[in-house]
Amino acid sequence: MTDPLVQFRAVHKSFGSYVAVKSLDLDIQRGEFLALMGPSGCGKTTTLRMLAGLEAPTSGTISIGGRVMNNVPPHQRDTPMVWQSLALFPFLSVVENVEFGLRMRGIAAAERRERAMMWLGRMDLQGFETRRIDQLSGGQRQRVALARSLVTEPEMLLLDEPLSALDAHLVIRMQGVLTRLQKDLGITFVYVTHSQSEAFAMADRVVIMGHGAIEQIGRPQEIFRGPKTRFVAEFVGRNNILAGPVKAGVMTTAQGPVPVLSGDGPMEIVVAADRVTLSRDRPAGAAIRAAFLSEEFAGTGIICYFETPDGAEWKAQVTETQLAELHPESGQDFWLSWDPARVHVMG
Amino acid sequence: MTRRFDPYPHVLRLPLILWQGAFFVIPLIFMAAMSFWLVKNYKLEPNFVFDNWTRMLGRGAFWDAYWITLWRAVLAGIIASAIAFPAALFMAFRLSEGGRRFALLCLIVPFFTSFLVRAYAWQVILAESGPVNAVLGGVGLVPYTMLNSGFGAMVGYLTLVLPLVVIFQTWSLAAIDRNLIEAAGNLGATPLRVLGSVIIPAAKTGLVLGAVFAFIMTFGDFVSPFYLGGSKPPTLTILIIDTTKSGQQWPRAAVVAVVMIATLFAVASAALRAAYGRRG
């Protein structure tokens with residue numbers, strides 16, 4: 001691999017007594033689509049803002065292209081950002097918004113108009129250049145914000161939950177726009193989101209953050225099927241977690257003994273919801289008993305929620321046909337079984 | 001669906017309409033009508049002649065007073081805005097929410113004393129033998145005459161309008177979306193260019209309103225030019241006093257007042273268009 005574009009080294013950021021980011025080490029490669037994902041307050045936005053120079057690290061170093069950037073003010077960096085609120089200038093027209101970065105860099109009026117118009121065209125916004133921002137739809141504003149950030153041809157684009165204010169159907173469309181744009185331009189996208197579907201749909205690599213630290217870095221598939229920590233397993237997707245000591249191929253859990261394929265001593269295993277089978281009678285092999293709570297339609301299937309006797313929540317993904325056959329009622333007991341070969345062992 | 005008459009909003013609106021009618025519109029109409037009346041033997045006599053208008057507008061002294069009043073009001077608006085702006089910037093962007101509330105309270109405190117009292121205080125401070133000249137004399141400078149001059153009047157105008165201009169500006173600056181300021185820096189704007197190309201345009205409404213307020217209050221102020229400006233040169237307000245004192249010429253004073261109100265309307269509406277106007 002070539003030199004990374006961005007290096008975070010032992011970066012620490014606190015606001016008073018509140019620690020937002022702690023001992024962060026992260027490399028961001030040139031041309032990759034990296035998603036920073038985690039629940040609110042996990043430090044993902046602070047990390048992005050430090051990259052843009054909007055916050056200074058309390059300690060540690062951040063370098064971009066090999067240069068330590070800790071004391072470089074935002075306006076001397078080439079790290080344009082797309083804000084969650086978009087932060088378009090309401091007192092400027094669409095084309096003036098797009099031109100802003102070029103104007104600040106002292107590009108001549110004719111050239112900056114030409115480059116801005118080129119980007120408006122690329123974003124399917126031709127004909128809108130003289131409009132005011134409040135005369136545009138949400139999706140159009142989104143594209144103006146992208147054009148404004150990309151017009152200076154940066155090496156890296158920072159995006160702070162840019163799709164969170166859009167309608168669901170627009171989110172899918174903008175995801176397509178963003179991934180295509182990133183591939184065409186070949187520049188680095190750093191994308192902050194709390195949405196798993198956005199991160200997994202677009203990113204080459206996903207960084208899961210929790211409580212100011214990185215929990216796991218990996219390709220979407222790796223994180224989805226192989227969460228390394230309990231935090232990731234619970235945050236990502238529909239996972240069921242079993243913990244307990246293992247002896248002679250049997251794990252002793254709060255839900256009873258469960259066969260496992262290997263291991264010895266304390267262990268945590270993850271059973272993905274789409275690998276759980278439901279039945280009324282006790283099946284052979286790995287299974288636990290739980291009471292049905294409710295179901296949720298989730299597009300690709302139906303997620304059924306259960307509660308085990310000790311109060312843990314379990315999820316199982318079924319098809320509509322299966323649900324109709326089972327016809328579960330609230331409080332009814334079921335057996336949830338799985339293939340021990342298809343569980344993920346954490347750690 | 002039939003639309004029922006909903007009296008509620010009309011009832012709520014009524015006090016304002018009555019107030020404006022009783023204390024603004026009716027006196028204004030009366031004053032405009034009176035400008036066509038005549039005074040005979042120190043008594044007002046309803047009439048409809050243009051005598052007062054031709055006499056007042058035909059006088060050079062009237063136009064001298066008009067231009068000096070207009071000029072001072074413009075100047076006070078500009079100077080007050082310029083002095084207020086750094087203070088408002090500091091209050092809007094450097095102070096905490098609580099600090100800003102305290103500072104705004106401090107700006108309201110001056111209004112606890114009558115403006116006349118504050119003008120008298122300036123008379124003492126700016127007097128030939130007052131503390132300012134004592135300091136100037138102490139460092140070897142000749143005493144400077146500050147009272148009964150345009151400078152004295154300007155001190156009075158600023159005393160009157162500055163706190164309000166700071167309040168207007170602070171409100172409009174504090175209301176700016178901080179993301180816009182960050183976005184400008186993020187797109188390569190130096191702090192000075194952020195000020196010029198984002199903060200000022202975004203706060204335009206409040207900045208213009210502050211200046212217009214200063215203009216309006218200065219234009220109609222009588223205390224500053226009279227007690228601190230020495231009535232020389234006379235402003236329109238002093239002209240009104242003089243006209244009513246000499247021979248009970250209320251109709252001619254009404255002419256001055258109508259011209260003043262027309263000017264204020266013109267300036268205020270132009271400024272409001274500038275403040276709220278959008279391009280495109």
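Note that the coordinates shown come from a computational prediction; the quantities given were computed from them, not determined experimentally. Every chain is numbered from 1 and lettered A, B, ... according to where its sequence line falls, protein lines coming before strand lines.
The pair A:R141-A:D134 does not count as a salt bridge, with every side-chain nitrogen at least 4.0 angstrom from each carboxylate oxygen. A salt bridge does not link A:D27 to A:R205: none of the charged side-chain nitrogens sits closer than 4.0 Å to a carboxylate oxygen.
Looking only at distances, a side-chain donor or acceptor of A:N70 sits under 3.5 Å from a matching main-chain atom of A:I62. The backbone N or O of A:F100 lies less than 3.5 Å from no partner atom in the side chain of A:R148, so there is not a single donor-acceptor pair.
Put simply, of A:Q84, A:Q76, A:R77, A:M81, the one with the most heavy-atom pairs under 4.5 Å next to chain B is A:M81. Put simply, of B:I181, B:D177, B:V194, B:V198, the one with the most heavy-atom pairs under 4.5 Å next to chain A is B:V198.
Of the two parts of A:R131, neither the backbone nor the side chain holds a non-hydrogen atom closer than 4.5 Å to a non-hydrogen atom of chain B. Neither the backbone nor the side chain of A:L86 has a heavy atom closer than 4.5 Å to any heavy atom of chain B. Interface remark: A:T79 contributes backbone and side-chain atoms alike to the contact with chain B (heavy atom separation under 4.5 Å).
Around the CZ atom of B:F102, the shell of radius 6.0 Å holds no more than 12 heavy atoms that belong to other residues, nucleotides or ligands.
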